[in-house]
**Q** 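The structure that follows is given in the form of structure tokens.
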Amino acid sequence: MKITIACVGKIKEKFFREALAEYSKRLSRYAKIDIVEVKDEKTPENASDAEERKIKETEGKRLLEKIPDSSYVIALAIQGEMLTSEKLAARIERLGLWGKSHIVFVIGGSLGLSDEVMKRADYALSFSRMTFPHQLMRVILLEQIYRSYRIISHEPYHK
């Protein structure tokens, strides 16, 4: 299985980069992991709804350019479905059984994902109704993907 994390912005903090590297290394025995970053747009303070929509559209176009047509796309969005770790593992396993060899998880920028990206998504996943920094969300996502593969492989994992 190939898993791509398509996300907006770069990781600046060393501790986040180290955590991502560690989970990517752990995951490499189960799947090919690729993290694709696209440039984020600066959001002016007190931006209007129209300005925010334009920023999301610009970032969304950049993300869509990185998503292969044949991939199964999971958008991380507050309005998505919340799953347990076991149910996420079952979904990933089922996708493999259905012949989906490439899953792309999409993480938006500070304003979220554009309508176009949400329309392209095959599934919307929410980790919480709370908002998380997108840098931290990458770490949480990789940890949950790693946990999913441990569950799928019937290996011990922290409960």
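Positions are given from 1 along the sequence. Hydrogens, waters and symmetry mates play no part in the numbers below; they use all other heavy atoms, side chains included.
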**Q** Test of understanding: with ring pair (Phe, Tyr, Trp, His ring centres under 6.0 Å), list the residues that count as partners of Tyr72, not counting sequence neighbours.
**A** none

**Q** Report the C-alpha separation of Leu83 and Glu81 in whole Å, then their side-chain angles, then the decisive distance to 0.1 Å, and conclude whether the side chain to side chain contact (heavy atoms under 4.5 Å, CB included) test is met.
**A** CA-CA 6 Å; Leu83 301 176; Glu81 184 179 5; 3.8 Å; yes

**Q** Nearest 0.5 Å, please: how far is OG in Ser148 from CZ in Arg91?
**A** 11.5 Å

**Q** Using a 3.5 Å distance criterion without hydrogens, assess whether the side chain of Ser153 forms a donor-acceptor pair with backbone atoms of Glu155.
**A** no

**Q** Give a yes or no answer on whether the side chain of Asp40 reaches the backbone of Val8 with a donor-acceptor pair at less than 3.5 Å.
**A** no

**Q** Of all the heavy-atom pairs spanning Gly80 and Ser126, show the shortest one and how long it is.
**A** O-CB, 3.4 Å

**Q** Do Ile74 and Val38 sit in the same hydrophobic cluster, where Ile, Leu, Val, Met, Phe, Trp and Tyr count as joined when their side-chain heavy atoms come under 4.5 Å apart?
**A** no

**Q** Kindly determine whether Asp34 and Ile5 satisfy side chain to side chain contact (heavy atoms under 4.5 Å, CB included), including the steps that lead there.
**A** CA-CA 6 Å; Asp34 191 22; Ile5 312 296; over 6 Å; no

**Q** Which pairs with one or both residues in residues 13-24 pass salt bridge (Lys or Arg N to Asp or Glu O under 4.0 Å), sequence neighbours excluded?
**A** Lys14-Glu18, Glu22-Arg26

**Q** Check the hydrophobic clustering (I, L, V, M, F, W, Y; side-chain heavy atoms under 4.5 Å; chains of links allowed) and say if Val36 and Ile33 are grouped together.
**A** no

**Q** Just wondering, are more than 12 heavy atoms of other shown residues or ligands nearer than 6.0 Å to NZ in Lys25?
**A** no

**Q** Linking I/L/V/M/F/W/Y whenever any side-chain heavy atoms sit under 4.5 Å apart, do Leu88 and Met82 land together?
**A** no

**Q** Just wondering, do Ile3 and Lys32 contact through their side chains at under 4.5 Å, heavy atoms?
**A** no

**Q** Side chain to side chain contact (heavy atoms under 4.5 Å, CB included) with Ala47: which residues, sequence neighbours excluded?
**A** Thr43, Pro44, Glu51, Glu52

**Q** Would you compute the distance between atom CD of Glu59 and atom NZ of Lys39 and round it to the nearest 0.5 angstrom?
**A** 8.5 Å

**Q** Do you know the tightest heavy-atom contact between Ala89 and Ile152?
**A** O-CD1, 3.4 Å

**Q** Applying a strict under-4.5 Å side-chain criterion to I, L, V, M, F, W and Y, I'd like to know whether Met1 and Leu97 cluster together.
**A** no

**Q** Tell me which one of Lys12, Arg62, Arg138, Lys66 satisfies salt bridge (charged side-chain N to carboxylate O under 4.0 Å, His left out) with Glu37.
**A** Arg138

**Q** Name every donor-acceptor pair, under 3.5 Å, that has one atom in a side chain of residues 102-120 and the other anywhere in the protein, sequence neighbours excluded.
**A**
residue: His102; atom: NE2; partner: Thr4; partner atom: OG1; Å: 2.7
residue: Ser114; atom: OG; partner: Glu116; partner atom: OE1; Å: 3.4
residue: Ser114; atom: OG; partner: Val117; partner atom: N; Å: 3.2
residue: Arg120; atom: NH2; partner: Pro68; partner atom: O; Å: 3.2
residue: Arg120; atom: NH2; partner: Asp69; partner atom: O; Å: 3.2
residue: Arg120; atom: NH2; partner: Ser71; partner atom: O; Å: 3.1

**Q** Using ring pair (Phe, Tyr, Trp, His ring centres under 6.0 Å) as the criterion, list what pairs up with Phe127, not counting sequence neighbours.
**A** none

**Q** Working note: Arg147 + Glu143, criterion salt bridge (Lys or Arg N to Asp or Glu O under 4.0 Å); need CA distance, chi angles, decisive distance, verdict.
**A** CA-CA 6 Å; Arg147 183 181 299 264; Glu143 188 281 333; 2.7 Å; yes

**Q** Distance check, rounded to the nearest 0.5 Å: Tyr146 atom OH versus Ile151 atom CD1?
**A** 11.5 Å

**Q** Lys56 versus Arg53: any side-chain heavy-atom pair under 4.5 Å?
**A** no

**Q** Between Ser85 and Gln144, is there a side-chain donor-acceptor contact under 3.5 Å, judged purely by atom types and distance?
**A** yes

**Q** When hydrophobic residues are tied together by side-chain contacts of less than 4.5 Å, even through go-betweens, does Ile67 share a cluster with Leu125?
**A** no

**Q** Is the shortest heavy-atom distance from the side chain of Val73 to the side chain of Tyr123 under 4.5 Å?
**A** no

**Q** Indicate the atoms forming the closest heavy-atom contact of Ala121 with Ala75, along with that distance.
**A** CB-CB, 3.7 Å

**Q** Who are the side chain to side chain donor-acceptor pair (under 3.5 Å) partners of Glu93, not counting sequence neighbours?
**A** none

**Q** At their closest point, which heavy atom of Ile35 faces which heavy atom of Ser24, and how far apart are they?
**A** CD1-OG, 4.2 Å

**Q** Between Tyr149 and Ile92, does a side chain to side chain contact (heavy atoms under 4.5 Å, CB included) hold up when you go through it step by step?
**A** CA-CA 8 Å; Tyr149 276 101; Ile92 290 171; 3.7 Å; yes

